[in-house]
Each structure stands twice: as structure tokens, then as C-alpha cells.
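Have a look at the structure below, then the notes.
The figures that follow rest on heavy atoms only: side chains count, while hydrogens, waters and symmetry mates do not.
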Amino acid sequence: MKKEIFAKYRKVYEQAWMPIFGQDEFDTEVLLEGCRLANLQVIEYTLRRSDASTVIPTLRQRFPDAVIVAGSTIDDENVICQMKTKYSQLMTIAELMPYVDGFVSMLPYSDATLERYSSTHLCIPTAQTGGEALRQVGKGAAFIKVLGPDFSFSKSLHAVPTFGYCPTYITGGVTRERMHEAFAAGNVLCAAGFDVVLKGEDPETITPERVAELLRSFVETAKAARAEVNPQLHQLEKLTDEEFVAALPNYCSVI
């Protein structure tokens, strides 16, 4: 096993759910402190957030034991270079590499990107077809991101003729109430932005303690919902590495 990346993979899998720092009305420091108080082990900070280029380089110091993944990445440096004139927070995957443990994208990754980074970083690209998903998993993608709120594509990737090979991570419209449905569709991870986590909360008065309370609720709900669908994934943290691998319902690219 590739011990370092495997350990990161385990942390992501064990948490079952992760918060997404997108662009919202909530104060970054309040949200980060909430994550710390909730003792989160996995956080996705996206390049959609306007402070990304200044905050991402600091996250390792803030969360030394957590897995940090950068979201909304694009694996074309020429595109990033041009679009930086409009979105100054953009960073290339090469620029992000020293600061994070993985990359998430709403777009597919090229074979070259996966071959270059998948041995050291968790790569989580999006697929919109079964062929894209299979190619990227075969080249080293740790998970395939699928977009909600509809679960049809997730279900197709986990249909009987696919032998359930694809480890999918779903975002978009996955509230606590929909988590069981999300896992029943075949997904093994889910996530939500703070616009979902803190829906109805006042950005002016929200406290880190309240953020932490809601974050813990999302994590606990996700773990319980996933365990209902896949009982072998209950209390993964208690399993040895060999038992953990044996419990996985999908292909694992990091072993």
C-alpha cells in the first residue's frame, strides 16, 4: 500500500461527509473555527471562495492532522493564467500541490494530470459519462465526483453490469434529509456547502460553536445513513487497514 496517501484516503472515507467552502455570506474565520471545534478530519476549500489564494496556504497550519482538499480546480494552466485576470484567487494544481492533500474538480481530469498527481494526492474529478468515470478511476482517481440533486447518474454507475466498481462522491442538494437516498444510490461520500449546512442561520450572529454543532450533525447523519445502506462501513475507524480494504464496496486506486 502507498501508506501516506492510503491514510488520507481512509480519513476521507471514515468521515463520510465533508463541508465545502464555496462563496457565501459567512465569515471565513467563524467557519474555520467551527470546523476546528467540530474536530473535522476532512475539509474542502474551493477556488470559488474569493479569499482562497490567501487562506488555502494557511490551512495546513490551522489543521495539521486533517486532510485538506482544494475544490473547483482546473487542470489546464493556460486557462487558469488567462482567467486569473477576472478571478484573482485562482491557482493551478501545481501551485496548490504543496498546501493540500487532494484536488476536487467539477470537470474531468486529463490522463496526464492523474498520472502526475494521483500517487501523492487524492484526485477527485467529475465525470458526466460512465466512460469518463472508468477512464479516470483506471488512471488513479480516488473518487469520482457526481453532481446532484438528481441521483440518476450515480445509480447508473452502480448498476449491476458495472459490478459497482466506481467510488462516487456526490455534492449538490444533499441535505441531511436526503443522505440515505444519496447512499442508497451507490455513493460512498457526500458533501454540502455552508449555504446548505447553515441554511436559515444569520451570518451576522452565527458563532463557531453553532457552526460546529451543525457540522457534527451532518457528519453523524452521513455516517449513520451510509451504515444503513452498507453495514460493513460502520465504525470504519476500528478496522485494520486490511479489514478496511475488504469492507470497501468499490475499486480502490490507492492500494
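- One N or O on the side chain of T85 and one on the backbone of Q82 form a donor-acceptor pair closer than 3.5 Å.
- Within 6.0 Å of the CD atom in Q128, the count of heavy atoms belonging to other residues, nucleotides or ligands does not exceed 12.
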How far apart are the C-alpha atoms of S119 and I5, what are their side-chain angles, what is the distance that settles it, and do they pass the side-chain contact (heavy atoms from CB on, under 4.5 Å) test?
-> CA-CA 7 Å; S119 63; I5 192 168; over 6 Å; no
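- Connection of V137 to V245 is not established within any shared hydrophobic cluster, with ILVMFWY side chains joined at heavy-atom distances below 4.5 Å, either directly or through further cluster members.
- The backbone N or O of V12 sits nowhere less than 3.5 Å from a side-chain atom of Q15 that would complete a donor-acceptor pair.
- L233 and I144 fall into different hydrophobic clusters, where Ile, Leu, Val, Met, Phe, Trp and Tyr side chains are chained together by heavy-atom contacts under 4.5 Å.
- Here the shortest heavy-atom pairing between P19 and V42 reads CD-O, 3.5 Å.
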Taking it one step at a time, do Q89 and T54 satisfy side-chain contact (heavy atoms from CB on, under 4.5 Å)?
-> CA-CA 8 Å; Q89 76 271 23; T54 57; over 6 Å; no
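- Between R10 and the choices V67, V254, D241, the side chain to side chain contact (heavy atoms under 4.5 Å, CB included) rule is met once, by D241.
- No donor-acceptor distance shorter than 3.5 angstrom exists from the side chain of T126 to the backbone of V146, with no hydrogens or angles considered.
- Residues H158 and A185 share a closest heavy-atom pair of CD2-O, 3.7 Å.
- Using a 4.5 Å heavy-atom threshold, the side chains of N230 and F183 count as separate.
- Contact check on R36 versus E33 returns a salt bridge, with a Lys/Arg side-chain nitrogen under 4.0 Å from an Asp/Glu carboxylate oxygen.
- When every heavy atom of A192 is checked against every heavy atom of V174, the shortest pair comes out as CB-O, 4.0 Å.
- If you chain together ILVMFWY residues whose side-chain heavy atoms come under 4.5 Å of each other, L147 ends up grouped with M106.
- Shown here is E228, whose CD atom has more than 12 heavy atoms of other residues, nucleotides or ligands within 6.0 Å.
- I74 is connected to L96 through a chain of hydrophobic side-chain contacts under 4.5 Å among Ile, Leu, Val, Met, Phe, Trp and Tyr, so both are in one cluster.
- Hydrophobic clustering of Ile, Leu, Val, Met, Phe, Trp and Tyr side chains at less than 4.5 Å, counting indirect connections, keeps V55 apart from M18.
- With values rounded to the nearest 0.5 angstrom, T28 atom OG1 is found 9.5 Å from F194 atom CZ.
- Summarising the local packing, OH of Y165 is surrounded by more than 12 heavy atoms from other residues, nucleotides or ligands at distances under 6.0 Å.
- Annotation: the span from Y13 atom OH to F244 atom CZ amounts to 6.5 Å, rounded to 0.5 Å.
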Might you work through the side-chain contact (heavy atoms from CB on, under 4.5 Å) test for F103 and L122, ending with a clear yes or no?
-> CA-CA 6 Å; F103 314 106; L122 298 172; over 6 Å; no
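- Counting heavy atoms from C-beta on, the side chains of L215 and C35 come closer than 4.5 Å.
- Contact annotation: the side chain of I170 approaches that of S154 to within less than 4.5 Å [non-hydrogen atoms, C-beta and beyond].
- Between R178 and E181, at least one side-chain nitrogen of the basic residue sits less than 4.0 Å from a carboxylate oxygen of the acidic one, meeting the salt-bridge criterion.
- A centroid separation of less than 6.0 Å is found between the aromatic rings of F21 and Y45.
- Enclosure of atom CD in Q235 by more than 12 non-hydrogen atoms of other residues, nucleotides or ligands within 6.0 angstrom is indicated.
- The neighbour count for K84 NZ, taken as heavy atoms of other residues, nucleotides or ligands under 6.0 Å away, is above 12.
- Residue-environment remark: OH (Y99) stays at or below the threshold of 12 foreign heavy atoms within 6.0 Å.
- A side-chain donor-acceptor contact under 3.5 Å links D27 to the backbone of V30.
- In terms of heavy-atom proximity, S152 sits nearest to D150 at OG-OD2, 2.7 Å.
- The CG atom of L37 sits 11.0 Å away from the CG atom of L32 when rounded to the nearest 0.5 Å.
- Salt bridge E4/K8: present, at least one basic N to carboxylate O contact under 4.0 Å.
- Residue F218 holds its CZ atom at 12.0 Å from CG of L40, rounded to the nearest 0.5 Å.
- Between the side chains of T221 and R176, no donor-acceptor pair is found at a separation under 3.5 Å.
- Counting only residues at least two apart or on different chains, the salt bridge (charged side-chain N to carboxylate O under 4.0 Å, His left out) pairs with a member in residues 54-83 are E29-R62, R60-D101.
- Looking only at distances, a side-chain donor or acceptor of H121 sits under 3.5 Å from a matching main-chain atom of V100.
- No donor-acceptor distance shorter than 3.5 angstrom exists from the side chain of N187 to the backbone of L189, with no hydrogens or angles considered.
- Both Y251 and L134 are assigned to one and the same hydrophobic cluster, defined by single-linkage of ILVMFWY side chains at heavy-atom distances under 4.5 Å.
- In this structure, the side chain of T73 engages the main chain of V104 through a donor-acceptor pair within 3.5 Å.
- Side-chain contact check for M91 versus I80: every heavy-atom pair is 4.5 Å or farther apart.
- The two residues I124 and Y169 come nearest to each other via the heavy atoms CG2-CD2, 3.7 Å.
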For L236 and R226, what are the C-alpha separation, side-chain angles and deciding distance, and is it a side-chain contact (heavy atoms from CB on, under 4.5 Å)?
-> CA-CA 11 Å; L236 285 177; R226 187 176 66 180; 3.6 Å; yes
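- Side chain of Q23 to backbone of L47: no donor-acceptor contact under 3.5 angstrom is found.
- Under the 6.0 Å cut-off for aromatic ring centres, Y9 and F143 qualify, their centroids lying closer than that.
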Under the side chain to side chain donor-acceptor pair (under 3.5 Å) rule, what do E132 and Y109 come out as? Steps first, then yes or no, please.
-> CA-CA 9 Å; E132 274 185 341; Y109 285 153; over 6 Å; no
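- Judged purely by atom type and a 3.5 angstrom limit, T162 uses its side chain to pair as donor or acceptor with the backbone of L157.
- Contact of the Q232 side chain with the P249 side chain is registered, since non-hydrogen atoms from C-beta on lie closer than 4.5 Å.
- We find the CG-CE distance between L90 and M83 to be 7.5 Å, quoted to the nearest 0.5 Å.
- Considering all non-hydrogen atoms of both residues, R48 and S72 come closest at NE-OG, 3.1 Å.
- More than 12 heavy atoms of other residues, nucleotides or ligands shown are found within 6.0 angstrom of CD on E237.
- For the atom pair E14 CD and K223 NZ, the distance stands at 7.5 Å (nearest 0.5 Å).
- Residues L59 and I43 are not in side-chain contact: their nearest non-hydrogen atoms beyond the backbone lie 4.5 Å or more apart.
- In this structure, the side chain of S105 does not engage the main chain of P108 through any donor-acceptor pair within 3.5 Å.
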